[in-house]
Amino acid sequence: VMFLPEVIIRPVSVGVGYLRDLTLTCTVSSYPAVNKVTWYRNSRQVSASSSAVVMKTISAVTSRLTMKSVTHEVACGNYNCYSVNSQTAVVTVGSKAFLDTNATFVVEGDTLAIECRAVGCPPLSITWQFRKSVGESISIVRPAGDLDRQSQVTSSSKSILTFKNISHLRTGMYRCRSTNGIVNVGYSGFTMINVYYVSSFLVSSNVSVDEGASFQLSCIPQGNPLLSAVRWRKSSLMNLADEQQVTNNQRILVAISNDAVTLTVAQGITADSGWYLCQFPGVGSSVRSNRILVVFRGRPAGVDASSVGKQSINSRNFTLMWSVPFDGFSPILHYIIDYKEDGAA
């Protein structure tokens with residue numbers, strides 16, 4: 001007795017983990033038995049290499065559809081076999097999350113955005129997790145301070161975590177978690193966010209040296225500093241507003257030594273005298289050290305002859321006066337006065 005095909009698919013609904021294997025089985029019963037079973041996904045034929053007939057009798061054919069390491073792009077959808085009027089199986093795929101970076105470095109006060117991408121079907125829910133360091137407990141990232149609700153933008157496939165005026169307290173390891181209720185929960189790898197900051201500086205004492213000698217200043221930033229961002233600055237003795245960044249040249253070397261940033265001046269000259277300080281850049285404002293006074297004791301200038309005058313002249317004595325010359329940043333202890341008689345050679 002002939003009868004029309006009856007199609008049964010098992011399972012009729014299945015959730016498969018991201019990159020896991022998927023297997024569906026279709027049995028077509030009819031008399032006489034059909035010669036071929038064709039699989040469809042969303043009304044489009046599935047590659048023949050993914051399916052195989054595993055059993056055939058006089059009145060039934062069983063076909064198995066196997067897909068390896070499935071993703072949402074190739075597996076999600078409605079499946080049927082042999083006929084568009086057959087029973088339909090619904091396949092959903094669990095989620096997987098991705099971060100685009102392994103480490104991020106930022107200076108306190110900057111704006112930082114971290115993007116998480118997630119894949120899977122049906123639509124996803126994405127949350128962010130944080131831990132201070134490896135081995136410590138994991139907590140949910142919640143809006144507070146530099147992270148407000150408007151800064152955490154989430155769609156069905158992407159979430160952007162934005163910190164405005166980021167605090168150094170945000171230093172730590174972040175990851176995103178995606179789920180759509182199917183089999184497995186997707187976790188991205190952790191990314192390390194390192195927020196550099198300086199709370200204060202330890203600096204050298206004031207320096208007074210002879211002209212031609214060398215000296216070294218040391219600046220040790222406290223906190224979590226990026227030493228390469230620390231700058232030495234110098235202003236003149238008489239005008240603090242006249243401030244310039246110190247750069248390397250044949251006599252001057254700015255270098256990093258262990259946890260300090262040093263400034264070495266060789267064969268110092270009077271022009272090297274001034275006020276020195278360390279600065280760590282920040283957004284809107286920077287952290288500056290106390291000023292260090294550096295004075296080179298140079299050779300004093302000679303007395304300007306045009307400034308010499310005399311008064312209180314009488315037969316036995318007289319008084320000479322002159323303008324005090326530049327002292328070379330060291331007190332003048334005495335003057336030497338030469339004299340000769342009128343007409344003397």
Side-chain angles (χ1 to χ4, degrees), residues 1-100 115-129 138 140 153-159 175-190:
V1 177
M2 300 177 64
F3 60 91
L4 295 176
E6 179 185 9
V7 180
I8 299 175
I9 298 180
R10 292 291 184 270
V12 295
S13 179
V14 59
V16 59
Y18 191 83
L19 296 183
R20 303 291 178 83
D21 296 343
L22 167 68
T23 299
L24 298 175
T25 301
C26 172
T27 300
V28 182
S29 300
S30 66
Y31 189 82
V34 298
N35 294 321
K36 184 179 181 181
V37 174
T38 303
W39 284 91
Y40 296 88
R41 171 181 174 249
N42 298 331
S43 301
R44 300 187 64 175
Q45 186 173 336
V46 178
S47 169
S49 61
S50 301
S51 62
V53 173
V54 295
M55 184 178 69
K56 184 174 182 180
T57 68
I58 194 172
S59 62
V61 175
T62 299
S63 176
R64 182 173 298 147
L65 176 67
T66 301
M67 304 175 71
K68 298 289 187 179
S69 302
V70 300
T71 67
H72 67 294
E73 296 171 313
V74 300
C76 284
N78 297 321
Y79 289 76
N80 49 47
C81 63
Y82 179 67
S83 168
V84 295
N85 296 320
S86 70
Q87 185 180 31
T88 299
V90 179
V91 175
T92 52
V93 177
S95 63
K96 178 66 176 178
F98 306 89
L99 285 177
D100 291 333
E115 182 175 311
C116 170
R117 295 177 295 107
V119 293
C121 60
L124 305 157
S125 170
I126 301 175
T127 55
W128 287 87
Q129 296 182 329
I138 298 174
I140 302 295
V153 181
T154 303
S155 67
S156 60
S157 61
K158 183 170 69 175
S159 178
R175 74 178 180 186
C176 58
R177 173 186 184 273
S178 62
T179 180
N180 55 9
I182 307 300
V183 186
N184 66 322
V185 174
Y187 291 97
S188 72
F190 276 103

Practice item. Under the side-chain contact (heavy atoms from CB on, under 4.5 Å) rule, what do Phe98 and Val119 come out as? Steps first, then yes or no, please. Key: CA-CA 9 Å; Phe98 306 89; Val119 293; 3.8 Å; yes
**Study point:** With sequence neighbours excluded, residues passing side chain to side chain donor-acceptor pair (under 3.5 Å) with Arg41
**Key:**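 Arg41: no side chain to side chain donor-acceptor pair (under 3.5 Å) contacts found.
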Check your understanding: After noting the C-alpha distance and the side-chain angles of Gln129 and Arg175, does the key distance pass the side chain to side chain donor-acceptor pair (under 3.5 Å) rule?
Key -> CA-CA 5 Å; Gln129 296 182 329; Arg175 74 178 180 186; 2.8 Å; yes
Review point. How far apart are the C-alpha atoms of Thr179 and Ser95, what are their side-chain angles, what is the distance that settles it, and do they pass the side chain to side chain donor-acceptor pair (under 3.5 Å) test?
Key: CA-CA 6 Å; Thr179 180; Ser95 63; 5.2 Å; no
Can you name the nearest heavy-atom pair linking [X] to [Y], along with the distance?
{"X": "Trp128", "Y": "Leu99", "result": "CH2-CD2, 3.6 Å"}
{"X": "Tyr40", "Y": "Val46", "result": "C-CG2, 3.9 Å"}
{"X": "Thr71", "Y": "Tyr18", "result": "CG2-OH, 3.8 Å"}

Does any part of the side chain of [Y], heavy atoms only, come nearer than 4.5 Å to the side chain of [X], both counted from C-beta?
{"X": "Pro122", "Y": "Thr92", "value": "yes"}
{"X": "Leu65", "Y": "Cys26", "value": "no"}
{"X": "Gln87", "Y": "Asn80", "value": "no"}
{"X": "Cys76", "Y": "Val91", "value": "no"}
{"X": "Ile9", "Y": "Cys81", "value": "yes"}

Quick one: pull up [atom1] in [X] and [atom2] in [Y] and give me the separation to the nearest 0.5 Å.
{"X": "Asp21", "Y": "Met67", "atom1": "CG", "atom2": "CE", "answer": "10.5 Å"}
{"X": "Asn78", "Y": "Ser13", "atom1": "CG", "atom2": "OG", "answer": "10.0 Å"}
{"X": "Arg177", "Y": "Thr127", "atom1": "CZ", "atom2": "OG1", "answer": "5.0 Å"}
{"X": "Arg117", "Y": "Ile126", "atom1": "CZ", "atom2": "CD1", "answer": "10.5 Å"}

Check your understanding: Can you name the residues that form a salt bridge (charged side-chain N to carboxylate O under 4.0 Å, His left out) with Arg10, not counting sequence neighbours?
Key -> none
**Study point:** salt bridge (Lys or Arg N to Asp or Glu O under 4.0 Å) contacts touching residues 90-99 (sequence neighbours left out)
**Key:**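 Counting only pairs at least two positions apart or across chains, no salt bridge (Lys or Arg N to Asp or Glu O under 4.0 Å) contact touches residues 90-99.
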